[in-house]
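Worksheet for the structure shown next.
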Amino acid sequence: MPAHPARVCARDWGWRHAGRKGFALSGLNLTIEPGQRVLLLGRSGAGKSTLLHALAGVLGGADEGEQHGRLLIDDEPPAAHRGRTGLLLQDPDAQIVLSRVGDDVAFGPENLGLPRDEIWRRVADSLRRVGLDIPLDHPTSALSGGQKQRLALAGILALHPHLLLLDEPTANLDPAGVLEVRDAVAAALEATGATLVVVEHRVQVWLDLVDRVVVLDPDAGVVADGPPEQVIAAQGAELAAAGVWVPGHHPSPVRGARNVGADTLLTTDRLDVSRSRANPLGHQVDLTVEAGRALAITGPNGAGKSTLALTVAGLLRPVRGAVRAADALAQGIGTDPLRWRSRELLTRIGTVFQEPEHQFLTPTVREELAVGPRALKLSERDIAARTEELLDRLRLSGLAGANPFTLSGGEKRRLSVATVLASRPRVLVLDEPTFGQDGRTWTELVALLESLLSDGHAVVAVTHDEPFVDALADTVLQLPAYAGSGAAR
Ligand SMILES: Nc1ncnc2c1ncn2[C@@H]1O[C@H](COP(=O)(O)OP(=O)(O)OP(=O)(O)O)[C@@H](O)[C@H]1O
Ligand SMILES: [Mg+2]
């Protein structure tokens, strides 16, 4: 385990990403003492991930941007500590490199050129620390989301890090997975004493584990700093107003009048789904999608929620049973959404995938929003009107000229939801629409969906976000854990 935990020091530090006019962060002054556990907060786009990436030593090439001031780990530039700082990201799948559990954990230590005995000692030790008691040859693809995050954490611990950097490590997990990861981090800290910086919008999970909360603002630097209870008591309301999710200050959206006659738009008949056709989930789902109603699909990681959503959206072929569009939706083009042409689908069913990057097609945020309206052959004036409204409501106006791939996590998510809203499809199928959102952008998103519901659109949302379900859902379909993959073992 590390010889000593890291000390982090930022002095008038700032970073401007290449291609951006403004600095993502500027004038940052912050010292984190060895062994401190810091929860880093701030609204979406505040520069949290930028700071973590800089500390991990993966930002810094002159072609990547411009740096001001100094950012140091133990009085040296972060790049000198690469390999001893561990960065854990929010997407469980993005961080698993190899197909077997043991090899995946061994990957980092192998790159450090350690002797074989030492590598495998570290692998066993790290897996034990994160509570993953599975054979070393277990396939990584068969792990649940929470297990994958713990595996990625084990890979980091095997490097004997002196600084742990966690960027929304539980954002994509179901409630059980969230606790698994939190407990694994707690055990790792107990054993290593490493310094911790964790970013997470929903702070409740981490409050008991951290001893300090730091709130970042892109222009003002650190706007709050202190022990969690103290910061929340003294500045809770102010921080909530600025978009930070603060316990006791959660937004409470108002439900609109959904008085629209409840036309049935889509039904499913004993529907079973699968991505590979080889492993049907064994469901018999009968659901009804009605105008002006929101249906939430919930359930543990790996339960098949996304697959069900894509099938309902007419993008995947059912394994058994059927999806049928009612006349109110189909309007004369047949009842099977799979057979509709993409332009016909555009105004009828719009889908936001779980991974926002899969959807971006153009070099700027503004053009991206115009793709749907253009395919619908709207006038330039109407296209501009729709685009500007969405940019404004989802706080993307300042990013209209930015490349979609360079947005922050929360900004990407808002853009991918907005691109679908721009075509105003009657049925919106949204896979985790709120992930990565701060309190303000979350409230805007909910209000926008609420107004679409009042106008007779329907929402089908796959989500782990309980406040979102409470705010919006008329019906909840809870899928059971998928028994067939061994994922939940
Ligand atoms: N690679 C990049 N190139 C250009 N701009 C970037 C890049 N990465 C981030 N940005 C911009 O820098 C700013 C800060 O982004 P960052 O990802 O650090 O925010 P964040 O606080 O992590 O936000 P979120 O809560 O949404 O994840 C944002 O305006 C973002 O659009
Ligand atoms: Mg981020």
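Every number for a ligand or one of its atoms is a count from 1 in the order of the listing.
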Worksheet item: Name the one of Leu39, Val38, Val231, Val223 that satisfies side chain to side chain contact (heavy atoms under 4.5 Å, CB included) with Val214?
Response: Val38

Practice prompt. Could you check if a side-chain atom of Leu151 sits within less than 4.5 angstrom of a side-chain atom of Val130, using non-hydrogen atoms only?
Written response: no

Worksheet entry | Protein contact to atom 8 (N) of ligand 1 [nearest heavy atom, distance to 0.1 Å] | Thr406 O, 3.3 Å

Worksheet item: Can you name the nearest heavy-atom pair linking Pro425 to Leu346, along with the distance?
Response: CB-O, 3.4 Å

Worksheet item: Between Leu421 and Leu449, is any pair of side-chain heavy atoms under 4.5 Å apart?
Response: yes

Item to complete: Using a strict 4.0 Å threshold on nitrogen-to-oxygen distance, state whether Lys148 and Asp93 make a salt bridge.
Response: yes

Discussion item. Which option wins on minimum heavy-atom distance to atom 14 (C) of ligand 1: Gly45, Ser408, Gly22?
Written reply: Gly45

Discussion item. Suppose we measure from atom 11 (C) of ligand 1 to each protein heavy atom; which comes out shortest, and what is that distance?
Written reply: Arg20 NH1, 3.2 Å

Worksheet item: Any idea which atoms of ligand 1 are less than 4.0 Å away from a heavy-atom of Ala24?
Response: 12 (O), 13 (C), 14 (C)

Discussion item. Tell me the contacting part of Glu64 for ligand 1: side chain, backbone, both, or neither, using a 4.0 Å heavy-atom threshold, strictly below.
Written reply: neither

Worksheet entry | Within-cut-off N or O pair, Ala46 and ligand 1, under 3.5 Å | yes

Worksheet entry | Nearest-neighbour protein heavy atom for atom 18 (O) of ligand 1, which is reported as residue plus atom name and distance | Thr50 OG1, 2.5 Å

Fill in: Trp15 and Trp13 aromatic ring geometry - parallel, tilted or perpendicular at 30°/60° bounds
parallel

Discussion item. Minimum distance, heavy atoms only, to atom 30 (C) of ligand 1: which one of Arg414, Lys48, Glu411 is it?
Written reply: Glu411

Worksheet item: Does ligand 1 have an atom under 4.0 Å from some heavy atom of His201?
Response: yes

Response to the item:
In terms of heavy-atom contacts, Thr50 and Leu59 come closest through O-CD1, 3.5 Å

Worksheet item: Where does the angle between the aromatic ring planes of His81 and His162 fall among parallel (under 30°), tilted (30 to 60°) and perpendicular (over 60°)?
Response: parallel

Worksheet item: Between Arg212 and Asp225, is there a side-chain N and carboxylate O pair less than 4.0 Å apart?
Response: yes

Worksheet item: Any non-hydrogen atom of Glu168 lying under 4.0 Å from ligand 1?
Response: yes

Discussion item. Any nitrogen or oxygen of Gly410, side chain or backbone, less than 3.5 Å from one on ligand 1?
Written reply: yes

Discussion item. Among all protein heavy atoms in this structure, tell me which lies nearest to atom 19 (O) of ligand 1, with the distance rounded to 0.1 Å.
Written reply: Gly47 N, 3.3 Å

Worksheet item: Do you know which of Leu376, Thr347, Leu428 makes side chain to side chain contact (heavy atoms under 4.5 Å, CB included) with Ser423?
Response: Leu376

Fill in: Leu407 N/O to ligand 1 N/O under 3.5 Å
no

Worksheet item: Nearest protein heavy atom to atom 1 (N) of ligand 1, by residue and atom, and its distance?
Response: His17 ND1, 3.9 Å

Worksheet entry | Whether Ser49 has an N, O or S atom under 2.8 Å from the Mg ion (ligand 2) | yes

